[in-house]
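Atoms considered below: every heavy atom in the structure, side chains included; atoms not considered: hydrogens, waters and symmetry mates.
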Amino acid sequence: MASKTSASMKTLDELVKAMLVLSRAVDQVLGARAVQSASKTPLSSSKVQVLRLLGRRGPQTSTQTARFLGVSKPAVSQIIDAMVRAKQVTRQTGKTDRREVNLRITEKGRTLLNAVQQQQRDYVRSALRQAKGASATKWVEMMEVISNGLAQADHAYE
């Protein structure tokens, strides 16, 4: 019985290690390397996340953006200030409430986001070619199962 338990613990430890390595590789390759290849200027992961948020969901307030990034409003203001200077994002006052400021992605920001996403797709295509015969759909399904399971496990311990 003890050997069965230690074997499953060893397997779980190997799975944890593999997932952590995957996490670092994803962060490095799909995050830093893809952004570096797609952008002529340095672009932090926070800025890429802002572009992705505005590109997918449309205009957002600073408060919504700060909540999405998990940072304070002053921190998001610094990020947005830099993005406005780089002409990646614009600020527009609300039509009904002048105190409301909506952030919008610019054409330059959208072009940059598209370039980053294309570079990420290229990296993933390359990785899938190495996983001969494995369907992308199956990978997505398995990652969703694992992600949801980890999220549920986290809630169970809170």
Side-chain angles (χ1 to χ4, degrees), residues 12-94 100-131 134-158:
L12 289 174
D13 289 345
E14 289 171 352
L15 182 58
V16 167
K17 179 182 176 187
M19 289 168 61
L20 291 171
V21 169
L22 174 64
S23 173
R24 284 192 297 271
V26 166
D27 185 47
Q28 181 62 32
V29 175
L30 295 183
R33 202 63 52 55
V35 170
Q36 183 181 27
S37 295
S39 174
K40 293 171 181 54
T41 59
L43 192 66
S44 70
S45 64
S46 295
K47 290 176 183 175
V48 173
Q49 288 178 329
V50 169
L51 291 175
R52 189 168 277 128
L53 171 69
L54 299 177
R56 283 189 183 153
R57 295 189 187 165
Q60 301 286 306
T61 65
S62 291
T63 302
Q64 291 169 318
T65 305
R67 197 174 314 125
F68 175 79
L69 292 176
V71 300
S72 67
K73 281 180 68 176
V76 86
S77 289
Q78 288 181 342
I79 293 167
I80 297 303
D81 287 345
M83 294 180 80
V84 167
R85 284 192 300 275
K87 299 184 182 342
Q88 298 162 344
V89 170
T90 61
R91 287 186 173 103
Q92 294 180 332
T93 55
E100 181 181 290
V101 176
N102 288 311
L103 306 171
R104 294 179 186 273
I105 190 169
T106 63
E107 194 56 42
K108 182 178 180 179
R110 188 168 303 284
T111 299
L112 179 57
L113 175 61
N114 289 340
V116 169
Q117 290 175 322
Q118 185 58 51
Q119 188 63 50
Q120 290 170 331
R121 286 184 204 109
D122 291 346
Y123 282 134
V124 170
R125 261 189 220 100
S126 175
L128 285 173
R129 276 193 296 271
Q130 293 178 29
S135 111
T137 305
K138 287 286 185 195
W139 280 97
V140 169
E141 289 171 4
M142 187 52 65
M143 286 187 210
E144 286 175 349
V145 167
I146 291 171
S147 297
N148 289 336
L150 286 171
Q152 288 175 0
D154 183 47
H155 293 300
Y157 289 108
E158 285 180 355

| Are any of the side-chain nitrogens in Asp122 or Arg125 under 4.0 Å away from the carboxylate oxygens of its partner? |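 A salt bridge is present here (some side-chain N lies under 4.0 Å from a carboxylate O).
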| query | Would a 4.5 Å heavy-atom cut-off, applied to side chains only, mark Gln60 and Phe68 as touching? | reply |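 Not touching, per the 4.5 Å side-chain cut-off.
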| field | Close side-chain approach of Asn114 to Gln117, heavy-atom, < 4.5 Å | value |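 Touching, per the 4.5 Å side-chain cut-off.
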Of all heavy-atom pairs between [X] and [Y], which one has the smallest distance, and what is that distance?
X      : Y      : value
Tyr123 : Ser37  : OH-OG, 3.6 Å
Gly55  : Leu113 : CA-CD2, 4.3 Å
Leu103 : Leu54  : O-CD2, 3.5 Å

Tell me which donor-acceptor pairs under 3.5 Å the side chains of residues 75-88 have, and how far apart each pair is, sequence neighbours excluded?
residue, atom, partner, partner atom, Å
Ser77, OG, Lys73, O, 3.1
Asp81, OD1, Arg91, NH1, 3.1
Asp81, OD1, Arg91, NH2, 2.6

| Residue list, salt bridge (charged side-chain N to carboxylate O under 4.0 Å, His left out) with Arg52, at least two apart or on another chain |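 Here no residue qualifies.
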| task | Apply side chain to side chain contact (heavy atoms under 4.5 Å, CB included) to Thr61 and Asn102, showing your working. | result | CA-CA 5 Å; Thr61 65; Asn102 288 311; 3.8 Å; yes
| message | Can a side-chain donor-acceptor contact be found between Gln118 and Arg121 if the only test is distance below 3.5 angstrom? | response |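 Looking only at side-chain atoms, Gln118 and Arg121 do form a donor-acceptor pair, the distance falling under 3.5 Å.
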| message | Can you tell me how far apart OG (Ser23) and CD (Gln28) are? Round to the nearest 0.5 Å. | response |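 That separation rounds to 11.5 Å.
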| query | In a check of side chain to side chain contact (heavy atoms under 4.5 Å, CB included) between Ile105 and each of Leu51, Val50, Leu112, which one passes? | reply |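 Among Leu51, Val50, Leu112, the one meeting side chain to side chain contact (heavy atoms under 4.5 Å, CB included) with Ile105 is Leu51.
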Is there a donor-acceptor pair closer than 3.5 Å between any side-chain N or O of [X] and the backbone N or O of [Y]?
X      : Y      : answer
Ser39  : Pro42  : no
Gln120 : Leu30  : yes
Asn148 : Glu144 : yes

| field | Neighbour count >12 (heavy atoms, 6.0 Å) for atom CE, Met19 | value |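 Correct, the count exceeds 12.
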